[in-house]
Amino acid sequence: MTPTYYLLLSALLFSIGTVGVLVRRNAIVVFMCIELMLNAVNLSLVTFARVNGGLDGQVMAFFVMVVAAAEVVVGLAIIMSIFRARRSSSVDDANLLKY
Amino acid sequence: MSTAALAQAATDNGGPVGLSEAIAFWILGPMALAGALGMVFARNAVHSALWLALAMLNLGALYMAQQAPFLGFVQIIVYTGAVMMLFLFVLMLVGRDSSDSVVEAIKGQRLAAAVLGIGFVALMVGSLARALFSVTPIGLGAANGVPSGNVAALGRLLFTQYLFPFELTSALLITAALGAMLMTFPHTRTTAKSGQRATVEARLRGARVSPLPGPGVFATANSVATPALLPDGSVAPESLSEIIETVPPSAPAPLAPVDAHALVGADHAKSDRISSGEEAQP
Amino acid sequence: MTLQTIPITVPPVAYYAISPLLVVLGAACLGVLVEAFLPRHQRWAAQVTLTLLTLVVAGALLGAYASSGAPAATTLSGSLSVDRPTLFMWGTLLAFGLVGVLLIADRSVEPGGAFITDAEGVASGTHAEGVASGTDAGRAAGAASAGGISRAASRVGAGSATSGTSRAGVAVAAPPAGPIPAGTPRNRATAGRAGMRTEVLPLTLFALGGMMSFCAANDLLTMFVALEVLSLPLYLLCGLARRRRLLSQEAAVKYFLLGAFASAFFLYGLALLYGYAGSVKLADISSAAAASQRSDTLLFAGLALLVVGLLFKGSVAPFHTWTPDVYQGAPTSVTAFMAAATKVAAFGAILRVLTIGFGSTRWEWRGVLWAVAIVSMVIGAVIGLTQTDIKRMLAYSSVAHAGFLLVGAIAITQRGLSGTMFYLLTYGFSTIAAFGVVSLVRDADGEATQLSQWAGLAKRSPLVAGVMTFLLLSLAGIPLTSGFTGKFAIFSAAIADGMAPLVVVALIASAVAAFFYLRVIVLMYFSEPSVEGPTVSVPGAFTTAAVTVGVLITLLLGVAPTMALSWAGAGPFVG
Amino acid sequence: MNQNYLLLALLVLPAVGSVAVAPLRTNDRAAKSLAMAFALLELGLTAVAWFSYSVSAAANQRFQLTFDVPWIPAFGTRIALGVDGIALVMLALIAVLVPIVLGSSWTDRLPEGRTAAGFCALLLATQATLVGVFAATDVFLFYVFFEAMLVPMYFIIGRFGGPKRQYAAVKFFLYSVLGGLIMLGSVIGLYVVSAGRLPSGGTFSWAALRDLAAQVPQSVQIWLFLGFFIAFAIKAPLVPLHTWLPDAGAEAPIGAGVLLVGVLDKVATFGFLRYCLPLFPLASKSLAPLVLVLSVLGIIYAGLLAAGQDDMKRFVSYTSIAHFGFIALGIFAFSTQAFAGSVLYMVNHGITTGMLFIAVGMLITRGNSRLISDYGGVSALTPVLAGTFLFAGLASLALPGTNSFVSEFLVLIGSFPREPVYTIIATVGIIFAALYVLWVYQQVFQGPARGNAVMASMIGPGAVAAPSSAAGTAKSSFSDLTRGEIMVLAPLIALILLLGFFPGPVLDVINPSVAATMREVGLADPVGGMTP
């Protein structure tokens, strides 16, 4: 076995996240799918760090976590505010902006 | 499989993947995958979040298996512990229609997304496999080893090589805090805060001196979703909660005499009703 | 356990070179403190002063450094590259920031400012109002009342009784005296008294700091963090409009979800490139591409994913789907700032990545970007024709312009670089001023963004119509406006690099796009105004200054662009 | 270098006038007077330029009165002005026509809500851009004016035109912008080509590009030529790209219409002579058959369409298209006489068609209808107007003694040796088109009084049984030309006769430049030609 399997797993997770973003209608679930994508990337980064023999990948994964945390806060705040306005977090209900 | 053992296994071998790691991978990997799939397919958003937490936990363990113990713990503590809990928290707040509709908004969108996803998987897997299967990893033995281990080495990188992005993340965190307050903090008051005297006067001169009836009071159930009934058996509108969906007062007609009676006695009947908890249903 | 300590040597920092960036970010933090400690009635003045002062000081530092003739260099362990293009783009960003802040801080056009106010806050702002009220409150009311007895139904239905009930038909309760309906004198009065939430100004500065880091970033990780630093404040700013709350919040959610989606792609690209090159420094990627025995699949897969993220920010079709919605929903002043400044940041980064990181392999990826540029120009021009809302129309125009910019960006030459940067400058000023004008045309419900409402505007307000016409002609690329010189710079670079067919497509797309700009002019000048048409508010000093600056620079760059062109062409990227 | 500021003054003066007139929204009379003052001043300056131009020096000096300063060094553009004989006569034509246009619009009823200040300002702005187009000797500068010209004209048509003005204005603008953008591609291409061949880098200087022309391979020349050609063909307009002109011409106010067909469209034929031929000689020669076919097609087609028109302004527009075909034929026949004839034709056509347009306008003002079928027997009511109309018609028909005769004759004898077939077809076609002028004259002016417009004016408003085509009610009864109107028309009549009998001075100015163009194309006159 080689570390490539980790990368394949990562690619699979990333794709599942992508599909999730495209098919799910609930804003929070969509957002969770995006988080899954970020996690998949982290797995890749950690694996590449090992393949390349440097810790940069791990540092980057760490940065991704920090960024993701901040993103989660902002994202959930926005979703909360729109939920309060319309009492629904479905992406489909957010359709005023269609022409 | 304890995480400590995994971390141990990880530090043992430098580059190539050993047997113990392979076993760990073939257990954790499918579980992570299952978590991901479960998240996408779960109809209920809370279930989705839990599935995602499963996937993240497994990923954390995989990090440890890959000589990244610090990241593994951060993943479990910060990501799974804090971020996912934040998700769950918001889901509970927003939870009213957290289950997804099955209706497709755009015709054929699911199919298209699935095809797209499978195509993307094939592309990525194919290219990665072609590009990397023959590669032997260098391993992190050197980088993680001397002099002070993984965490210190990461810290060293963070404050030298990645100093600027590290400082820049502070802007990110401030933005996040500011934004959360801005978007969700309810409106501040427009008038001066009224003192005790004013409150008392308002209460005494207002339409109602007594406190509002609680939901469920005088009624047959003590669920907050059940309205209070007035002595004549009609619903007391003041008792309706602003934030909770109220169950319509079911079948009040037969209850009216019974209830009036219940006020003075019939302990058995009342306790039965309360314990059954389904009284409100017709 | 013994800990051996090895002292950390802090990487050298060229403080003077990055002083503008430090000033902007530092002032943003200061702004947060102001928000925390100053009493409410002083905040607006303090924040505005602080922000404007910051931008001026940063600009002065930038000018001093640029004229000191210091050589281009990278600093902070190679995270930031302060070279001539960086300085040009920083200057551009600071200028857009200044004009944008003037629009954002204005409280005269919309009494109390275009943002949510202290009085209304978020929660009460949710009560239906404006355009959103009709359909949405009705739907919400219908849904709520179907659920059972609900006071919520009557609460949500409030303020939009007629439209709400007519649509839902089941809204139970008659509306009590709910929140003050938007647009009434009373509402305006309270809004004017309460004033806007001044957090928007530090947020703007954070976004600006992120943009400056973004286009100076010399490695992909810094670029990623900067991308988030610039995006998060923008997501928030989009959702803070005081009028048409639902529209605004929806824009924020869409922008956020799609933006996060795109940055995930950027990140995966980063990971693959790291796997390929063992480093995320652009120069290392380039040298790895030149030397590596490894299969190039990773390199190009990584580039493709990376570019998706970048093109998204630059709103290049087919990654533009957020653009019209967000431009329409966001407060107009934010749209103005975002349209101009984000483009600079995004294309600054695209130029840097393509030039330094992938310049040596350009023959392999250029075909794809040709196609993308064509798609963007065609989609922007053609779909722009069908728009009935002026903000959406300008959004599609931005998509088309992104295509033009991409034409210049993929000519990896000095001419292409300077032409693209010059175009960013010209486009930004025209666009900011155009959105500034849009914010002036109002009716009782706020801004009158429907094109039909603009009919006969020239009769009511010849000056505003004239200014808008000039800006639209600039966007269309008519000579003697900056739009023309910008187009000329880009197209000549592209032809010189052997991309004549692409330029022909671009020219035809410009002709198509000219039609929808023309439509607005036709409406303003040749149509008779409707009786209940919008009025043009008399702008306060801030908006006047912003629009005036935009118009003057549009004219100046159209007639005498020499200086700006020489700045744009002062030097190459240094990686 | 010796800078001559005369052309700069010619360029700036109308622009200043435009800015000065625009604010006079409340006082129509002051606006008109001020605009007229500027136009007359420009006319005076043009006369100075005319006499400063040395015919004797023209043989070895392509441009005179040159002015040259750098503009945008990064693009290699310069503000370079200068005139040769061809440009000079065009400048003179503009300077003459603008005051006349202003005069003819003096009493126009403007659409509601429009002010004379706006109209005059736009007219002067148009004049400034037109001067720029003809005086530029830098390709980039030429392009800038070529495009900028659209904007004021667009507003004139769109704001002051007839009922369908929106449609006409947009159509006009879009056609022109499309052509202009295609030309922009070629302009940039020229620069890139020159950058590759000149040690000093790219240039837009016309003279430098002309000297370079021989080195550019034919395939490149053809592409660049096509860019310019399409833009000019739209502007001219040549036949499949002509459809905007009848609409624009019909909807434009009379004054703008005169400029539109009188001068604006000459930009295209001027462009053929100045840019297409000298800069792309190989391409011009190899693509000449295409142009000739289009020209002749245009003559025949436009002539036929003119016959079918009931709208007088459309009718005049169609005859113009036919005339343009004729001019293009002269240019692409490559002979000195034909060139000279074409240039002279450009001037004469501006004058005669302008006059025809103005006469039509005066008739329309009286009858409130543009339809030929609404008129009949008008000459009994307005003998002077009828005479003027007939005179303009005959001039347009190239009756000997009028100016058109000289130019038409020159084009014919110049083209015939090289292109006999096309010339014969074109002659027949152009006579057809011109004959319809007489037919219209007969319909409108001869015979007993008839037609809705005429009857309405005689009986009085409201008494017409079927006023379907008469636009509204005729308020003014048919009166003959006023003194003011005669003053407007008189200079045109004088010019027509003068140029008919004494074309010499103009030809003297034209000829050296024409000969130079001939050298630049690299062709000798065909055997059997004559020197005019």
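First the proteins, then the strands, lettered A, B, ... as listed; each starts at 1.
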Check: Side chain, backbone, both or neither: which part of A217(C) has a non-hydrogen atom closer than 4.5 Å to chain B?
Finding: neither
Next item on the list: For the residue pair Y268(C) and F120(B), categorise the inter-ring angle as parallel (less than 30°), tilted (30 to 60°) or perpendicular (more than 60°).
Entry: tilted
Notebook entry, point to check: Relative to chain B, which segment of L232(C) carries a heavy atom at a distance below 4.5 Å: side chain, backbone, both, or neither?
Noted result: both
Next item on the list: Please state whether the side chain, the backbone, both or neither of L21(C) comes within less than 4.5 Å of a heavy atom of chain B.
Entry: side chain
Check: Do you know which of D219(C), L76(C), T75(C) makes side chain to side chain contact (heavy atoms under 4.5 Å, CB included) with F164(B)?
Finding: L76(C)
Check: How close do Q161(B) and S77(C) get, heavy atom to heavy atom, and via which atoms?
Finding: O-CB, 3.7 Å
Notebook entry, point to check: Is a side-chain donor or acceptor of T160(B) paired with a backbone partner of V10(C) at a separation under 3.5 angstrom?
Noted result: no
Next item on the list: Using non-hydrogen atoms and a 4.5 Å limit, figure out which bit of L168(B) sits close to chain C: side chain, backbone, both or neither.
Entry: both
Item checked: Nearest heavy-atom neighbours spanning G179(B) and L236(C) -> CA-CD1, 3.3 Å
Next item on the list: Name, in order of residue number, those residues of residues 206-216 of chain C that have a heavy atom at a distance of less than 4.5 Å from a heavy atom in chain B; otherwise write 'none'.
Entry: F206(C), S213(C)
Check: What distance separates Y235(C) OH from T175(B) OG1, expressed to the nearest 0.5 Å?
Finding: 12.0 Å
Notebook entry, point to check: Quick one: of T169(B), L178(B), L123(B), who has the most non-hydrogen atom pairs under 4.5 Å with chain C?
Noted result: L178(B)
Note to self: If I measure from the heavy atoms of chain B, does S79(C) come under 4.5 Å with its side chain, its backbone, both, or neither?
What the structure shows: side chain
Margin query: Please classify the contact of I18(C) with chain B as side chain, backbone, both or neither, using a heavy-atom distance under 4.5 Å.
Written below: neither
Notebook entry, point to check: Which bit of V229(C) is near chain B, if near means a heavy-atom gap under 4.5 Å: side chain, backbone, both or neither?
Noted result: both
Next item on the list: Using non-hydrogen atoms and a 4.5 Å limit, figure out which bit of L237(C) sits close to chain B: side chain, backbone, both or neither.
Entry: neither
Next item on the list: Name the region of F166(B), side chain, backbone, both or neither, that has any atom closer than 4.5 Å to a heavy atom of chain C.
Entry: neither
Checklist line | Top of L221(C), L80(C), L25(C) for chain B proximity - count of heavy-atom pairs under 4.5 angstrom | finding: L80(C)
